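Values reported hereafter were calculated over all heavy atoms of this structure, with side chains retained and with hydrogens, waters and symmetry mates removed. Note that this is a predicted model, so its numbers are computed, not measured.
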There are 2 protein chains.
Amino acid sequence: MQLDKIVGYHKALADPTRLRMLLLLSQGEMHGQALAEKLNLSQPTVTHHAAKLRSAALIKERREKNTVYFKLNPEFIRKGGEASLQFIFDKGAEDMEEESKEQKLKESVLRNFFAKDGRLRQIPAQYKKKLIALQHIVEQLKPGIVYSEKEINTFIKQYHDDCATIRREFIMHQFMYRENDNYELNPREMWTKWESVK
Amino acid sequence: MQLDKIVGYHKALADPTRLRMLLLLSQGEMHGQALAEKLNLSQPTVTHHAAKLRSAALIKERREKNTVYFKLNPEFIRKGGEASLQFIFDKGAEDMEEESKEQKLKESVLRNFFAKDGRLRQIPAQYKKKLIALQHIVEQLKPGIVYSEKEINTFIKQYHDDCATIRREFIMHQFMYRENDNYELNPREMWTKWESVK
DNA sequence: TATATAATTAGATATATATCTAATAAAATT
DNA sequence: AATTTTATTAGATATATATCTAATTATATA
């Protein structure tokens with residue numbers, strides 16, 4: 001009797017952290033670091049859980065340079081998992097919905113807070129809307145270029161007169177990095193996100 | 001998010017003892033004592049596992065006098081469980097197969113060891129086949145009737161000359177009961193079965 | 001009412017496991 | 001060759017759990 005195999009399969013799924021891992025992976029490949037960050041775990045803990053999921057044939061791995069990418073085992077997806085795990089596969093659809101909501105919010109902010117000439121009418125008071133507006137502006141800067149404070153001010157004034165406030169917000173939300181009077185765009189991964197809390 | 005419910009479900013199935021319990025219950029209702037005995041566990045341990053299975057909605061209970069009968073949750077059976085548990089529901093089919101194998105063996109014995117006139121050609125040497133032949137003969141006697149040894153001998157001689165051996169086998173395998181010179185059919189439940197060991 | 005039977009609850013113990021930090025390994029970049 | 005980055009292994013710890021015995025509860029029977 002292959003009882004042990006069945007027990008192992010269910011043990012793999014009998015832990016909330018591992019289910020959340022599968023949930024994340026249902027949205028696409030991820031490497032260890034990213035998983036650890038998203039789940040607020042140490043890297044070794046991710047390794048630990050990955051081992052269990054792997055030996056239950058729930059995930060596959062791919063090594064590229066020295067980083068390991070995890071993904072759901074395609075076999076597992078094809079079979080559609082079991083009823084109790086349907087939510088994992090439904091998650092994609094749910095996120096789509098979420099995403100389109102955010103897309104709509106963004107469009108609404110661009111329409112309502114920016115004038116036809118592209119200038120910012122006023123700084124939104126709502127946190128999420130403010131972030132959307134700031135990001136829209138900061139995206140016009142080029143990555144890898146070092147700007148002086150004066151250049152930044154001139155740039156911002158194209159959009160809004162209160163360049164001091166906006167400049168401060170750029171730093172505060174980590175859109176930019178400042179050293180003395182030099183400003184530079186941060187990588188997009190560092191930008192504060194307005195994603196709804198799930 | 002109902003993560004906890006899903007975790008609970010898989011935890012319930014992530015233990016060999018509980019899977020064996022489900023396996024036993026797939027063959028029908030059982031009470032606590034019987035489960036404890038079959039699984040070589042104490043009664044409290046059975047209670048412990050039953051609680052987990054119950055809270056995952058895998059089994060149902062019914063109280064009769066002071067004994068509690070467990071059975072698989074019909075909901076669970078109807079949904080057919082999940083792929084990994086199919087073996088539980090396959091057990092019935094397996095038994096069926098087993099039964100038809102025995103049916104075939106019986107037919108073969110009747111064909112090969114009994115002549116056209118119904119007499120036993122020879123006493124089978126194989127244990128299972130011998131039991132089949134003996135049972136076939138003994139079934140011709142009427143239940144509830146008390147036979148003398150002489151009557152039994154006459155009866156057996158219709159089938160085979162060595163009535164002494166066969167008479168002794170009748171007693172040995174508890175097809176009949178003997179008191180002094182009186183022979184009587186035992187109830188069928190007492191007859192030695194040739195079922196294969198499972 | 002006393003006794004017997006089946007089950008549950010309480011409490012103890014040993015094993016399993018989820019998590020962390022520290023150390024090591026593997027691979028790439030400087 | 002030295003440093004950086006990502007991952008794994010080792011070891012420690014705390015929590016969870018499978019199992020037992022002993023005590024308690026629930027029900028039935030003498």
Side-chain angles (χ1 to χ4, degrees), chain A residues 1 3-25 28-56 58-71 144 177 186-187 189-190, chain B residues 1 3-25 28-56 58-71:
Chain A
M1 173 75 66
L3 258 193
D4 288 350
K5 226 182 99 197
I6 301 171
V7 170
Y9 170 77
H10 287 289
K11 271 189 183 169
L13 293 168
D15 178 273
T17 300
R18 285 193 287 271
L19 286 186
R20 284 196 293 144
M21 268 175 87
L22 292 177
L23 200 50
L24 283 173
L25 294 179
E29 263 193 354
M30 279 182 97
H31 61 264
Q33 300 262 42
L35 277 172
E37 200 172 320
K38 283 271 185 189
L39 295 167
N40 270 305
L41 293 174
S42 68
Q43 235 170 359
T45 303
V46 168
T47 299
H48 167 78
H49 289 300
K52 303 224 160 187
L53 291 172
R54 187 181 342 109
S55 67
L58 291 166
I59 61 171
K60 290 279 183 190
E61 302 169 16
R62 167 177 78 84
R63 180 159 214 132
E64 188 177 292
K65 306 212 171 176
N66 60 353
T67 107
V68 174
Y69 292 87
F70 301 95
K71 64 172 178 181
Y177 159 82
N186 268 324
E189 304 87 73
M190 290 185 57
Chain B
M1 172 77 67
L3 259 194
D4 287 349
K5 226 182 100 195
I6 301 171
V7 169
Y9 171 77
H10 287 288
K11 272 189 183 169
L13 293 168
D15 177 273
T17 300
R18 284 194 287 271
L19 286 186
R20 284 196 293 143
M21 266 175 88
L22 291 177
L23 199 50
L24 283 173
L25 294 179
E29 263 192 352
M30 279 182 97
H31 60 265
Q33 301 262 42
L35 278 171
E37 199 172 322
K38 283 272 184 189
L39 296 167
N40 270 306
L41 294 173
S42 66
Q43 232 170 0
T45 303
V46 169
T47 299
H48 167 78
H49 289 300
K52 303 224 159 184
L53 291 173
R54 189 184 337 112
S55 68
L58 291 166
I59 61 171
K60 290 278 182 187
E61 304 169 14
R62 168 175 76 82
R63 183 161 211 128
E64 190 177 291
K65 305 212 169 173
N66 58 353
T67 109
V68 173
Y69 292 87
F70 301 95
K71 64 172 178 182

| query | Would you call A:Glu64 and A:Arg62 a salt bridge, taking side-chain N to carboxylate O under 4.0 Å as the test? | reply |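 Salt bridge between A:Glu64 and A:Arg62, a charged N being under 4.0 Å from a carboxylate O: yes.
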| said: Quick check: on DNA chain D, is the nucleotide nearest A:Thr67 upstream (toward 5') of the one nearest A:Pro44, or the reverse? Name the residue that is more 5'. | reply: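 Looking at the nearest nucleotide for each, A:Thr67 comes out on the 5' side.
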Has [X] got a side-chain N or O lying under 4.0 Å from the OP1 or OP2 atom of [N]?
X	N	answer
A:Arg18	C:dA18	yes
B:Ser42	D:dT19	no
B:Thr45	D:dA18	no
B:Lys65	D:dA26	no

Of the listed nucleotides ([options]), which one gets closest to any side-chain atom of [X]?
X	options	value
B:Gln33	C:dA6, C:dA18, C:dT19	C:dA6
B:Thr17	C:dT17, D:dT19, C:dA6	D:dT19
A:Leu41	D:dA18, C:dC20, D:dT27	C:dC20

Rounded distance in Å - [atom1] ([X]) to [atom2] ([N]):
X	N	atom1	atom2	result
B:Asp15	C:dT17	CG	C1'	14 Å
A:Ile59	D:dA7	CD1	P	12 Å
B:Leu39	D:dT19	CG	P	9 Å
B:Arg62	C:dA6	CZ	C1'	14 Å
B:Lys11	D:dA18	NZ	C1'	13 Å
A:Leu53	C:dA18	CG	P	10 Å
A:Glu64	D:dT5	CD	P	18 Å
A:His48	D:dT6	NE2	P	23 Å

| task | Map A:Asn66 and B:Gly32 onto DNA chain C by nearest heavy atom, then report which one ends up closer to the 5' terminus. | result |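 In this pair, the answer is B:Gly32.
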| request: Assign B:Gln43 to base, sugar-phosphate, or nothing according to its heavy-atom contacts below 4.0 angstrom with the strands shown. | output: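 If one applies the 4.0 Å heavy-atom cut-off, B:Gln43 turns out to touch a base.
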| Under 4.0 angstrom, heavy atoms only, what part of the nucleic acid is A:His31 near: base, sugar-phosphate, or nothing? |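 Answer is sugar-phosphate: A:His31 comes under 4.0 Å of backbone atoms only.
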| field | Main-chain N/O of A:Ile59 paired with A:Arg54 side-chain donor or acceptor, under 3.5 Å | value |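 Looks like no, no N/O pair under 3.5 Å.
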| said: Looking at every heavy atom in both A:Leu24 and A:Met30, which two are closest together, and how far apart are they? | reply: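 Here A:Leu24 and A:Met30 meet closest at CB-SD, 4.0 Å.
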| query | What are the two closest heavy atoms between A:Ala14 and B:Ala14, and how far apart are they? | reply |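 Closest pair (atom of A:Ala14, atom of B:Ala14, distance): CB-CB, 4.4 Å.
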| query | If you draw a 6.0 Å radius around CD in A:Glu29, do more than 12 non-hydrogen atoms from other residues or ligands fall strictly inside? | reply |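 Count over threshold, so yes.
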